[in-house]
Amino acid sequence: MPELPEVEAIREKIAPEITGRRITGVHVARAAVIRPQRASTIAKLAAGRKIEAVNRRGKNILVGLSGGYVIRVHLRMTGELKVAREGGNARVWFDLTGGRKLVFEDTRALGRVNVLTEAEVRKALAKLGPEPLSADFALERFTEEAARSRRPAKLFLMDQTHVAGLGNIYAAEALFRARLDPRKPMSETPRAKVAALHSTIVEVLREAMKSARIAYNRPGKFQEGEEFIPAVYGREGERCPVCGRKIRRIEQGGRSTYFCPRCQR
DNA sequence: TCGATCCTGTAG
DNA sequence: CTACAGGATCGA
């Protein structure tokens, strides 16, 4: 389920809980989740190593280990990563010194957990676009790539190579705020609109980050104004908050896209 | 650049 | 029963 803001919030939450601990055991309850590796392989690679850092790139969580190894976790649709006392429903978990476990749960088992060298991680992530909440997310490059892509705007955003970390919700919300038609080829989008989109991507992700931090660090309900509430995502048939027209749902790349047919052209 | 595929749970 | 789900990869 998670996009960049949720992944980052999880990283922030677990980092202080696991950094400095050592891995004493590795358990794999579902082999598909570590594919193409084997349980014996990741156990051998991770056991005995110390957790030195917890980083993130796009939607990947990267747990840096001593000796130049990294646990790469991708949550995909339903993955969760947390620190717990027991493995519970985990697909994979790592025993840590101090009596805690780093637990990966995932009902659909579409997520991935792998133990790789730093070089392998670099290679695997080489095609990822810039981090949208960093200075690397330059308008110039974004504009150039937009001008070269004939893909529909929504698919362009979800591609991960032009900008990292956007998923179905925040892509739709950024397009709505920039008033762009998700179906329109990116290359046909006027320069000013591309610049607007660049801004709304950052804006939407910053707002979502605030909500995600609250959700992961303070169990319970959101207070007024704390929750990120989508304007269009998941709102087929409801009124557009700007113009009142009914929100439409279409299919793009096998996924739902929600948009306002009047505001977004 | 597109479609099929990987999985399971839940809602209608 | 079918549709759908906050995602990515691979092969054509």
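In what follows, chains carry the letters A, B, and so on, assigned in the order in which the sequence lines appear, proteins first and then strands, with residues in each chain numbered from 1. Just so you know, these numbers use all the heavy atoms, side chains as well, and skip hydrogens, waters and symmetry mates. This structure is a prediction, so every number in the text was calculated from the model and none was measured.
- To the nearest whole angstrom, the two P atoms, one in dA8(C) and one in dT10(B), are 23 Å apart.
- For residues 224-233 of chain A, the set of pairs meeting the salt bridge (charged side-chain N to carboxylate O under 4.0 Å, His left out) definition, not counting sequence neighbours, comprises Arg218(A)-Glu226(A).
- Helical stems involving DNA chain B, defined as 3 or more consecutive Watson-Crick or G-U pairs under 3.5 Å, span B:1-6 with C:7-12, B:8-12 with C:1-5.
- We find that CE of Met158(A) is positioned 15 Å from C1' of dG3(B), with the value rounded to whole Å.
- Taking Ile, Leu, Val, Met, Phe, Trp and Tyr as hydrophobic and joining them when side-chain heavy atoms fall under 4.5 Å apart, one finds Ile250(A) in a cluster with Phe259(A).
- Put simply, Gln160(A) has a side-chain N or O that comes within less than 4.0 Å of OP1 or OP2 on dA8(C).
- OP1 or OP2 of dG7(C) has not a single side-chain nitrogen or oxygen of Arg112(A) nearer than 4.0 Å.
- Side-chain nitrogen and oxygen atoms of Arg249(A) include none within less than 4.0 Å of the OP1 or OP2 phosphate oxygen of dA3(C).
- The 5' end of DNA chain C is approached more closely, in terms of each residue's nearest nucleotide, by Glu251(A) than by the other of Glu251(A) and Arg255(A).
- Here Ser256(A) reaches the OP1 or OP2 of dA5(C): one of its side-chain N or O atoms lies under 4.0 Å away.
- Note on residues 102-142 of chain A: pairs passing ring pair (Phe, Tyr, Trp, His ring centres under 6.0 Å), not counting sequence neighbours, are Phe137(A)-Phe142(A), Phe137(A)-His198(A), Phe142(A)-Phe156(A), Phe142(A)-His198(A).
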Between N or O atoms, less than 3.5 Å apart, protein on one side and nucleotides 8-12 of chain B on the other: list the pairs.
{"residue": "dT8(B)", "atom": "OP1", "partner": "Arg30(A)", "partner atom": "NH2", "Å": "2.7"}

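- Hydrophobic cluster membership of Leu155(A), counting Ile, Leu, Val, Met, Phe, Trp and Tyr whose side-chain heavy atoms lie under 4.5 Å apart directly or via other members: none, as it forms a cluster of its own.
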